[in-house]
Number of protein chains: 2
Amino acid sequence: MDRTGDEYSVGNGGHDMGPLTAAAAIVGKKWHPRIVVELLRDGPLGFNDLKESVDGISDKVLSESLDDLQERDIVHRTVIDDKPVRVEYSLTEWGEELEQVVTAMDEWGTRYLDRTDESAE
Amino acid sequence: MDRTGDEYSVGNGGHDMGPLTAAAAIVGKKWHPRIVVELLRDGPLGFNDLKESVDGISDKVLSESLDDLQERDIVHRTVIDDKPVRVEYSLTEWGEELEQVVTAMDEWGTRYLDRTDESAE
DNA sequence: CTGTATCCTAAAGGATACTG
DNA sequence: CAGTATCCTTTAGGATACAG
């Protein structure tokens, strides 16, 4: 099937689960892109290190976010059996490939926030 | 304090409104990327044409989405004073520049949904 | 044709306390 | 160190009806 002109593959006819929606479900959560970015930058991180890096997220929300990201095959969880137990979170291949998306978002966001700088309000 | 690897400008210290969050606030809404994509593809569109294109969205949600996108300077609304009144929605420059983001999202999403292909349908 | 007005449900996120 | 358990508030989104 040729997709001429359907570059975005959203011309679906009846259901609403296209690529864009799939990506939005991940990258649109408030903390998800932040988590992905930190894992891209600082490699595997433990729970608390990640929490420090993300800065502002609560235990509960980080925990839930990580669960969600694991279910979606974005993040991998490795238990390292020391005493006390350590855990390492890292990106799966799909997580790694999100770099292009979060980079595009970050670049756009930087320009956008800068546009006349209303932050001075 | 060295910020090695602060490429993503998210190492903020206290508030949580970085570029990523700004982008996520737009592109993470269920219908926003869809709307942007349709406007990128089919140029200015009227309310009902847009509704047809997006396919599945309700009046209320489309209306609210467009309000939000206008406030965020992504979409421009032009009233064309015919009888009956027509309205054209188009992208602002910031809306246009979102193309890189939605394209990255769509490409990633396509690969992702394809990874074992659960949507053979 | 271009929306508003209600009403309702589900999901996201935050605060705080507690546990293996 | 790595989470759970509650409880609560806000927001997104859907259904349906009505209006300029």
Side-chain angles (χ1 to χ4, degrees), chain A residues 14-18 20-22 24-36 38-39 42 44-72 74-90, chain B residues 14-18 20-22 24-36 38-39 42 44-72 74-90:
Chain A
H15 62 292
D16 59 5
M17 190 51 180
L20 275 177
T21 308
I26 291 166
V27 100
K29 302 294 175 62
K30 179 170 181 181
W31 299 104
H32 283 25
R34 298 281 308 273
I35 292 167
V36 169
E38 295 305 326
L39 290 178
D42 300 336
L45 287 171
F47 188 86
N48 282 324
D49 291 337
L50 196 45
K51 192 178 142 190
E52 297 299 305
S53 299
V54 171
D55 182 43
I57 196 168
S58 73
D59 292 326
K60 194 202 99 178
V61 173
L62 177 55
S63 182
E64 284 176 355
S65 299
L66 288 170
D67 285 348
D68 186 49
L69 289 169
Q70 283 170 80
E71 272 167 28
R72 295 178 191 276
I74 306 301
V75 158
H76 183 64
R77 181 178 185 268
T78 312
V79 179
I80 294 163
D81 211 1
D82 281 344
K83 274 287 203 67
V85 171
R86 277 178 22 76
V87 170
E88 274 188 357
Y89 291 97
S90 54
Chain B
H15 62 292
D16 59 4
M17 190 53 179
L20 275 177
T21 308
I26 291 166
V27 101
K29 302 296 174 62
K30 179 169 180 182
W31 298 104
H32 286 200
R34 299 281 309 274
I35 293 168
V36 169
E38 294 306 326
L39 291 177
D42 301 336
L45 286 171
F47 188 86
N48 280 322
D49 290 338
L50 196 46
K51 192 178 142 189
E52 297 299 306
S53 299
V54 172
D55 184 41
I57 196 169
S58 73
D59 293 326
K60 194 203 97 176
V61 173
L62 177 55
S63 183
E64 284 177 354
S65 299
L66 288 170
D67 285 348
D68 186 48
L69 289 169
Q70 284 170 78
E71 272 166 27
R72 295 178 191 276
I74 306 302
V75 158
H76 182 65
R77 182 178 183 266
T78 312
V79 179
I80 294 164
D81 211 3
D82 281 345
K83 274 291 206 62
V85 171
R86 275 174 27 70
V87 170
E88 274 188 357
Y89 290 97
S90 53

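Treat the numbers as computed from the prediction; the structure is a model and nothing was measured. To find a chain, count down the sequence lines: A is the first, B the second, and so on, and within it residues start at 1.
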Student: How many angstroms lie between atom CG of B/Asp55 and atom CG of B/Leu50, to the nearest 0.5 angstrom?
Tutor: 11.5 Å

Student: Starting at atom NZ of A/Lys30, determine the distance to atom P of D/dA12, rounded to an integer number of angstrom.
Tutor: 12 Å

Student: So how far off straight is the helix from C/dC1-D/dG20 to C/dG20-D/dC1, going by the axes through five pairs at either end, to 10°?
Tutor: 50°

Student: Just how far is it from atom CG of A/Leu69 to atom CZ of A/Arg77, taken to the nearest 0.5 Å?
Tutor: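 Result: 13.5 Å between the selected atoms.
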
Student: Between N or O atoms, less than 3.5 Å apart, protein on one side and nucleotides 4-8 of chain D on the other: list the pairs.
Tutor:
from	atom 1	to	atom 2	distance (Å)
D/dT4	OP2	A/Ser63	OG	2.8

Student: What closest approach, in Å, do B/Asp59 and B/Phe47 show between heavy atoms, and which atom pair accounts for it?
Tutor: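 B/Asp59 and B/Phe47 have their closest heavy atoms at O-CZ, 3.8 Å.
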
Student: With the side chain of B/Pro84 defined as its heavy atoms from C-beta on, choose the nearest nucleotide among C/dC1, C/dG3, D/dG3.
Tutor: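 From the listed options, C/dC1 comes nearest.
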
Student: For the side chain of A/Arg86, counting heavy atoms from C-beta on, which of C/dG13, D/dG13, D/dC1 is nearest?
Tutor: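 The closest nucleotide is D/dC1.
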
Student: Please give me the minimum heavy-atom distance between A/His32 and A/Ile26, naming the atom from each residue.
Tutor: CB-O, 3.0 Å

Student: Find the distance A/Leu66:CG to C/dG13:C1' and express it as a whole number of Å.
Tutor: 15 Å

Student: Specify the closest pair of heavy atoms between B/Trp31 and B/Ser65, including all atoms of both residues, with the distance to one decimal.
Tutor: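 Heavy atoms of B/Trp31 and B/Ser65 come nearest at CB-OG, 4.4 Å.
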
Student: Given atom CG of B/Asn48 and atom C1' of D/dG20, what is their separation to the nearest angstrom?
Tutor: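 Going from CG in B/Asn48 over to C1' in D/dG20 covers 14 Å.
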
Student: It should be established whether A/Trp31 places a side-chain nitrogen or oxygen under 4.0 Å from OP1 or OP2 of nucleotide C/dG14.
Tutor: yes

Student: Can you tell me how far P of D/dG3 sits from CG of A/Asp68, to the nearest Å?
Tutor: 15 Å

Student: Please report the distance, rounded to the nearest Å, between CG in A/Asp49 and C1' in D/dG3.
Tutor: 14 Å

Student: I need the NZ-P distance between A/Lys51 and C/dG13, as an integer number of Å.
Tutor: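 Checked: the NZ to P distance equals 17 Å.
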
Student: When you check the phosphate oxygens OP1 and OP2 of C/dC1, does a side-chain N or O of B/Tyr89 lie under 4.0 Å from one of them?
Tutor: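 For B/Tyr89, the contact criterion (side-chain N or O under 4.0 Å from OP1 or OP2 of C/dC1) is not met.
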
Student: Using the side chain to side chain contact (heavy atoms under 4.5 Å, CB included) rule, pick out the option among B/Leu66, B/Ile74, B/Asp68 that qualifies with B/Ile35.
Tutor: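 Single pass found, and it is B/Leu66.
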
Student: Could you pull out the closest heavy-atom pair between B/Pro33 and B/Val27, with the gap in Å?
Tutor: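 Residues B/Pro33 and B/Val27, closest heavy atoms: CG-O, 3.4 Å.
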
Student: Answer yes or no: is there a donor N or O on one side and an acceptor on the other, between the side chain of B/Arg86 and the main chain of B/Ile80, under 3.5 Å?
Tutor: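 Answer holds: no.
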
Student: Rounded to whole angstrom units, what separation is found between the CD1 atom of A/Ile57 and the C1' atom of D/dA2?
Tutor: 14 Å

Student: Determine the minimum heavy-atom distance between A/Arg72 and A/Ala25, stating which atoms define it.
Tutor: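 Closest pair (atom of A/Arg72, atom of A/Ala25, distance): NH1-CB, 3.9 Å.
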
Student: For the pair made of CZ in A/Arg77 and P in D/dC1, what is the distance, rounded to whole Å?
Tutor: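 Rounding to the nearest Å, CZ of A/Arg77 and P of D/dC1 are 15 Å apart.
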
